[in-house]
Amino acid sequence: MTKRSPFRYFKTSPEIIRLAVMMYVRFPLSLRNVEDLLHERGIDISHETVRFWWNRFGPVFAAEIRRRRARYHRSHSNWQWHLDEVFVKINGATHYLWRAVDHEGEVLESFVTKRRDRKAALKFLRKSMKRYGAPDVIVTDKLRSNGAAMKQIGNTEKQTIGCWLNNRAENSHLPFRRREQAMLRFRQWRTLQKFVSVHSSLQNHFNQERHLYSRANFKLNRAAALSEWRQLCSA
């Protein structure tokens, strides 16, 4: 059975929609910034159109990227994960953004909760392992909720706690913090959960770790990532 294109009821070109979604989610730009940048390219749309497109197609693109990467992770051994949580304000109320990062710095899962107790940590761990499988080593900070959750699922021997061992998870919060400032924070819990899942998937897709290899290889990998992005959800 042929898969239906998500663009079938839209008059706008899929290339323009993909470009608008990528610019808004990948870079720290506001809706009106994206509108102005597209206007310079001869594309006249409203900032509300950009908002509608990222809400409609952002989760679709992110789900396709996660599906491909989850298949890769399940076919390879998960050596080490890094778990960490960060404070996020929503209408003045403190929420917690949990993040699981692999040994290469790729964000595996992002999860928003109102508390950071054992129940929240356990739910986050089970959700991550269900999608990517169980790792060999799990690096966490000194939060006791992580140890209680590890004990309940029987992974105590896999947990490693250290002051500077969890830098990969700490650094994974930086792109989100820059994006949060551009959006002037979040107003709803559901919006935060949707955006972090989409943002982490696009961040993984376009993060080429350019400092690890030569300029020529970086240009090849960047072109390959952009080509794969343009093929997402293509008819």
Side-chain angles (χ1 to χ4, degrees), residues 59 62-177 179-180 185-186 188-205 207:
E64 182 68 18
I65 294 174
R66 282 196 303 268
R67 184 183 64 83
R68 298 182 182 184
R69 291 185 175 270
R71 185 192 312 161
Y72 170 81
H73 280 278
R74 284 192 169 275
S75 61
H76 295 74
S77 60
N78 290 326
W79 171 51
Q80 182 171 287
W81 284 7
H82 300 260
L83 306 183
D84 190 42
E85 76 287 340
V86 67
F87 299 87
V88 182
K89 289 284 187 178
I90 303 178
N91 288 332
T94 301
H95 290 66
Y96 303 94
L97 173 60
W98 301 76
R99 201 183 299 272
V101 182
D102 67 0
H103 61 280
E104 295 181 348
E106 181 172 319
V107 180
L108 302 177
E109 194 71 40
S110 298
F111 189 60
V112 181
T113 61
K114 294 184 178 180
R115 299 181 180 180
R116 54 172 181 171
D117 52 6
R118 179 188 58 82
K119 183 178 180 181
L122 183 61
K123 187 175 181 180
F124 172 64
L125 276 173
R126 286 176 173 173
K127 182 180 180 181
S128 303
M129 291 182 180
K130 182 178 180 181
R131 176 171 292 174
Y132 297 100
D136 298 331
V137 180
I138 300 179
V139 181
T140 66
D141 54 13
K142 297 181 180 180
L143 182 66
R144 294 185 178 181
S145 301
N146 290 322
M150 294 287 184
K151 184 177 181 180
Q152 184 164 345
I153 63 178
N155 277 1
T156 307
E157 69 281 355
K158 295 183 178 181
Q159 184 182 12
T160 302
I161 301 176
C163 295
W164 296 281
L165 298 178
N166 214 21
N167 284 342
R168 285 200 177 275
E170 296 287 349
N171 292 334
S172 69
H173 297 308
L174 298 180
F176 167 75
R177 284 304 191 192
R179 197 64 189 83
E180 182 188 22
R185 299 187 180 275
F186 297 89
Q188 294 182 358
W189 175 86
R190 293 182 181 274
T191 303
L192 173 60
Q193 180 63 71
K194 178 191 291 187
F195 186 84
V196 294
S197 61
V198 176
H199 181 264
S200 60
S201 297
L202 266 71
Q203 184 71 19
N204 291 335
H205 184 78
N207 185 19

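Source: prediction; values computed, not measured. Numbering of residues begins at 1 and proceeds along the displayed sequence.
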>> Determine whether V88 and V112 satisfy the following criterion, side-chain contact (heavy atoms from CB on, under 4.5 Å), listing intermediate values before the conclusion.
In response: CA-CA 9 Å; V88 182; V112 181; over 6 Å; no
>> For V137 and H103: C-alpha separation, side-chain torsions, deciding distance, then whether side-chain contact (heavy atoms from CB on, under 4.5 Å) applies.
In response: CA-CA 10 Å; V137 180; H103 61 280; over 6 Å; no
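A heavy-atom distance below 4.5 Å is not found between the side chains of F186 and H95. Inter-residue side-chain proximity for T113 and K119 is flagged as unmet; no heavy-atom pair is nearer than 4.5 Å. Counting only heavy atoms from C-beta outward, the side chains of T160 and Q80 never approach each other to under 4.5 Å. Looking at T94 and K89, their side chains come closer than 4.5 Å, going by heavy atoms from C-beta outward. Taking the side chain as every heavy atom from C-beta outward, L125 and Q152 never approach each other to under 4.5 Å.
Residue L97 comes nearest to H173 through the heavy atom pair O-CE1, 4.3 Å, listed as atom of the first residue, atom of the second, then distance. Of all non-hydrogen atoms in A149 and R118, the two that sit nearest each other are N-CG, 4.0 Å. In terms of heavy-atom proximity, R115 sits nearest to Y96 at C-CD1, 3.6 Å. Taking both residues in full, the closest heavy atoms of W81 and G133 are given as CH2-O, 3.2 Å, listed atom of the first, atom of the second, then distance. The minimum heavy-atom distance linking M129 with I153 is given by the pair CE-CD1, 4.0 Å. Taking all atoms of both residues into account, the shortest heavy-atom contact from Q159 to G147 is OE1-CA, 3.6 Å.
With rounding to the nearest 0.5 Å, the separation of CD1 in I65 from CZ in R67 is 11.0 Å. From F195, atom CZ reaches atom CD of Q188 across 14.5 Å, with rounding to the nearest 0.5 Å. Here the OG-CD distance, from S200 to E109, works out to 7.5 Å after rounding to the nearest 0.5 Å. Distance CG/L174 to CZ/R177: 9.5 Å, rounded to 0.5 Å. The CZ atom of F124 sits 9.5 Å away from atom CD of E85, with the distance rounded to the nearest 0.5 Å. In this structure, the separation between CG on N155 and CG on D136 is 10.5 Å, given to the nearest 0.5 Å.
Of the possible donor and acceptor atoms, one in the side chain of K158 sits under 3.5 Å from a partner among the backbone N and O of P135. At distances below 3.5 Å, not a single donor-acceptor pair connects side-chain atoms of S172 with backbone N or O atoms of V107. The main-chain N or O of S110 is found under 3.5 Å from a side-chain atom of Q193 such that the two form a donor-acceptor pair.
Paired with D84 under the rule side-chain contact (heavy atoms from CB on, under 4.5 Å), one option of N146, N171, D141, L143 passes, and it is D141.
The aromatic rings of H199 and F176 lie perpendicular to each other, with more than 60° between the two planes, well past the 30° mark.
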